[in-house]
Amino acid sequence: MDGFMPHNTTTQSYTCVPPGYVSVSEWAQVLESVLRLDLPWRTLRPHLVHLAPDGSVVYLSCFDSMGPGPQLPQVTPNLTETLIRYRTDLEIIFNIIDQDHSGLISLDEFRHTWRLFSAHLGVALDEGAIDGLVRSMDFNKDGGIDFTEFLEAFRVVHKLDNKER
């Protein structure tokens, strides 16, 4: 079928005689192999495409009902959605800062990381401010920042940022 190739490495071709038409069986095979969805395509066919008088699928008819549609409002993801989306990245960052892999970021590990940022970005480093930041992130006051506290710090900053606006 012109323009349709399964996502696997096997080369499989579909013949369209006449062009633009394909058998219901081939149409269902293409949808299943390309979309990788195990759905009853033959049952769904009347809702998705039209049949030609000879019983073959007019495969371009699947686009008949498509149009630009209504303009959707631009939605900014909330912090929870963003944290969930980037949780793996934040976990990697946490583990890089946690150099001894104890599951806690110590004051020294945090200072070391901020010194690297400061040197790279050319920003002045105030040790007192760094110590204060670690103390504010250490919600349970055990002397280290665990991953939950690390994530919570992003939520608190986001909440404060929204209040200032």
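What's counted below: heavy atoms across the whole structure, side chains too, no hydrogens, waters or symmetry copies.
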Atom [atom1] in [X], atom [atom2] in [Y]: separation rounded to 0.5 Å?
X      : Y      : atom1 : atom2 : result
Asp146 : Glu152 : CG    : CD    : 10.5 Å
Phe94  : Glu149 : CZ    : CD    : 8.5 Å
Glu32  : Trp41  : CD    : CH2   : 8.5 Å
Phe150 : Ile93  : CZ    : CD1   : 6.0 Å
Leu90  : Asn95  : CG    : CG    : 11.0 Å

Residue pairs passing the salt bridge (charged side-chain N to carboxylate O under 4.0 Å, His left out) test where at least one lies in residues 92-114, sequence neighbours excluded: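 Residue pairs with at least one partner in residues 92-114: Asp108-Arg111, Arg111-Glu127, Arg111-Asp131.
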Minimal non-hydrogen separation, Tyr21 against Ala52, with atom names: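 Taking every non-hydrogen atom into account, CE2-CB, 3.4 Å.
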Flag side-chain contact, heavy atom, 4.5 Å: Leu104 against Asp142: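 Yes; the side chains approach each other to less than 4.5 Å.
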Check: Val58 and Leu51 side chains under 4.5 Å, non-hydrogen atoms: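 No, their side chains stay 4.5 Å or more apart.
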Any donor-acceptor pair under 3.5 Å from Ser33 side chain to Gln29 backbone: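 Yes; judged by distance alone, with no hydrogens or angles, the pair exists.
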Side-chain (Ser61) to main-chain (His50) donor-acceptor, under 3.5 angstrom: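 Looks like yes, one N/O pair under 3.5 Å.
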Listed partners of Leu133 passing side chain to side chain contact (heavy atoms under 4.5 Å, CB included), at least two apart: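 If we apply the side chain to side chain contact (heavy atoms under 4.5 Å, CB included) test to Leu133, skipping adjacent residues, the hits are Phe110, Trp114, Ser136, Met137.
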Do you reckon [X] sits in the same ILVMFWY cluster as [Y], going by side-chain contacts under 4.5 Å, direct or chained?
X      : Y      : result
Leu35  : Val24  : yes
Phe117 : Ile96  : no
Leu116 : Ile145 : no

Step-by-step side-chain contact (heavy atoms from CB on, under 4.5 Å) determination, Leu39 to Leu44: CA-CA 8 Å; Leu39 295 173; Leu44 294 171; 4.2 Å; yes
Derivation and outcome, side-chain contact (heavy atoms from CB on, under 4.5 Å), residues Leu151 and Arg87: CA-CA 8 Å; Leu151 290 178; Arg87 180 185 171 94; 3.5 Å; yes
